[in-house]
Amino acid sequence: MTGVQYGAAVSRVYDRMFADPTPTTTTVQQLLPHLRGRDVLELGVGTGRIAVPVADAARSITGVDNSPDMLRAFRDKGVPDNVTLVEADFRDPLSDRLGGRFGAAYSTLGSMACCLTRDELRAALGHVRDVLHPGAVFCMEYYARELYLEVIRATGGVMSAALPGGEKMQTRLTVAADSDIMTATTTVYAGDEPVRFAEQVLLLDSAEIAGLMRHAGFAAVHVTHGPGQPFIWYVAETPGTQHERTESTP
């Protein structure tokens, strides 16, 4: 287990890092058909970038994150009435922490890639499956391995972006030889004191990811990847038939 990757420093600048509404809108449109009217689980809810816009469509959302700082930033902005936040790590069993099952679950921006071994990822996928109803849908956005490797080859792994208010962000991507771990070291130039943080993610090809999902108990894994897109969508189901519930998941 690698611990919390997004601490207090990241929580202060996270929303500005993802201020462009276009990717958020696209992600929400991808998710809504699977979430409408259901009790939903979000893995890696962070500051609510996705949970807030999908809350109106879902019956309820339980947002899980292992970073108290990110959850605090979400609470400071205001949490919709049908959203419950839980400090928990999906790399650990979730059943005892959540106390119920869900009709759908999702994870965006490669949150599940913080699992740094195949066994850890397979276990985490199993923890998600364990808290889903039969016939529930799980949508997962995961890093597109080949695109990131090509970016590293073409640019040396250095990427820069302008943020609101004249701030800048620079990220350096590295992958050691014969390794499936990508390290992203980011600096956000915000005011007099730059915010620096590093995260590590597991890069696997889409066929292996789909195989791990099936091994964890998911079925009908559908893989979608648009040209040049940094993430791949995986949409899978738990075996069985979905039954609508009359009560909300806590």
Side-chain angles (χ1 to χ4, degrees), residues 1-6 11 27-28 31-32 34-75 77-115 119-142 212-213 215-219 234-250:
M1 185 138 326
T2 56
V4 176
Q5 299 207 72
Y6 287 177
S11 70
T27 299
V28 171
L31 290 171
L32 283 182
H34 307 291
L35 310 183
R36 291 189 187 279
R38 294 184 173 184
D39 296 316
V40 178
L41 173 66
E42 179 176 356
L43 293 312
V45 68
T47 63
R49 188 181 70 95
I50 302 300
V52 170
V54 304
D56 286 342
R59 178 157 51 193
S60 72
I61 298 176
T62 296
V64 167
D65 205 290
N66 71 348
S67 169
D69 296 298
M70 296 290 278
L71 294 175
R72 188 177 302 113
F74 190 172
R75 292 189 179 99
K77 293 189 301 183
V79 180
D81 291 340
N82 65 334
V83 176
T84 300
L85 302 182
V86 178
E87 184 181 336
D89 194 319
F90 53 71
R91 293 169 294 185
D92 297 324
L94 294 170
S95 300
D96 292 343
R97 299 301 307 276
L98 302 182
R101 293 198 174 198
F102 302 85
Y106 66 90
S107 171
T108 65
L109 284 181
S111 292
M112 300 291 292
C114 72
C115 300
D119 287 343
E120 191 173 66
L121 177 57
R122 182 169 52 245
L125 290 168
H127 298 155
V128 176
R129 179 215 57 214
D130 288 344
V131 295
L132 294 180
H133 285 296
V137 177
F138 176 42
C139 304
M140 181 174 72
E141 194 178 30
Y142 201 97
L212 290 173
M213 295 182 79
H215 192 277
F218 288 98
Y234 301 81
V235 179
E237 297 179 359
T238 53
T241 302
Q242 174 77 37
H243 295 287
E244 289 298 324
R245 304 173 66 207
T246 57
E247 77 276 14
S248 294
T249 301

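The structure presented is a predicted model; accordingly, all values stated were derived computationally and were not measured.
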Listed by chain and number, what are the side-chain hydrogen bond (donor to acceptor under 3.5 Å, both in side chains) partners of Glu42, not counting sequence neighbours? Tyr106
How close do Ala51 and Val45 get, heavy atom to heavy atom, and via which atoms? CB-CG2, 3.8 Å
Quick check: do Leu32 and Arg36 have side-chain heavy atoms less than 4.5 Å from each other? yes
Would Val235 and Met140 count as a side chain to side chain contact (heavy atoms under 4.5 Å, CB included) if you check the C-alpha gap in whole Å, the side-chain angles of each, and the deciding distance to 0.1 Å? CA-CA 6 Å; Val235 179; Met140 181 174 72; over 6 Å; no
Test item: Phe90 and Ser107 side chains (from C-beta on) under 4.5 Å apart, heavy atoms: no
Any idea which heavy atoms bring Leu132 and Ala136 closest together, and the distance? CB-CB, 3.8 Å
Ignoring hydrogens and angles, tell me if any N or O in the side chain of Thr238 forms a donor-acceptor pair with the backbone of Gly135 under 3.5 Å. yes
So Ser111 and Leu43, do their side chains get closer than 4.5 Å, heavy atoms only? no
Heavy-atom pair with the smallest gap, counting every atom of Met112 and Ala124: CE-CB, 3.9 Å
Listed by chain and number, what are the side-chain hydrogen bond (donor to acceptor under 3.5 Å, both in side chains) partners of Thr47, not counting sequence neighbours? Asp15
Give me the atom names and distance for the closest heavy-atom approach of Cys139 to Leu31. CB-CD2, 3.7 Å
Rounded to the nearest 0.5 Å, how far does CG of Leu94 lie from CZ of Phe102? 8.5 Å
Minimum-distance pair of heavy atoms, taken over all atoms of Arg38 and Ala104: CD-CB, 4.1 Å
Sidechain-backbone polar pair: Asp39 side chain, Gly103 backbone, donor-acceptor under 3.5 Å: no
May I ask you to test the Asp130-Arg101 pair for a side-chain heavy-atom distance under 4.5 Å? no
Hey, are the side chains of Leu121 and Arg91 touching, using non-hydrogen atoms and a 4.5 Å cut-off? no
Here the gap from Glu237 atom CD to His34 atom NE2, rounded to the nearest 0.5 Å, amounts to 9.0 Å
Measure the CG-CZ distance between Leu41 and Phe138 for me, rounded to the nearest 0.5 Å. 8.5 Å
Heavy-atom side-chain proximity of Arg97 to Asp92 below 4.5 angstrom: no
Could you state the interatomic distance from CD (Glu87) to CG (Asp89), rounded to the nearest 0.5 Å? 9.5 Å
Residues in salt bridge (Lys or Arg N to Asp or Glu O under 4.0 Å) with Asp119, at least two apart? Arg122
Output for pair (Thr27 OG1, Leu109 CG), nearest 0.5 Å, gives 6.5 Å
Are the side chains of Thr62 and Leu85 in contact, using a 4.5 Å heavy-atom criterion? no
Of all heavy-atom pairs between Ala88 and Val64, which one has the smallest distance, and what is that distance? O-CG1, 3.3 Å
How long is the span from the CD atom in Glu120 to the SG atom in Cys114, to the nearest 0.5 Å? 7.0 Å
Is there a side-chain contact between Met213 and Tyr234 in this structure, where contact means two heavy atoms from C-beta onward sitting under 4.5 Å apart? yes
Residues Asn82 and Ser60: side-chain donor-acceptor under 3.5 angstrom: no
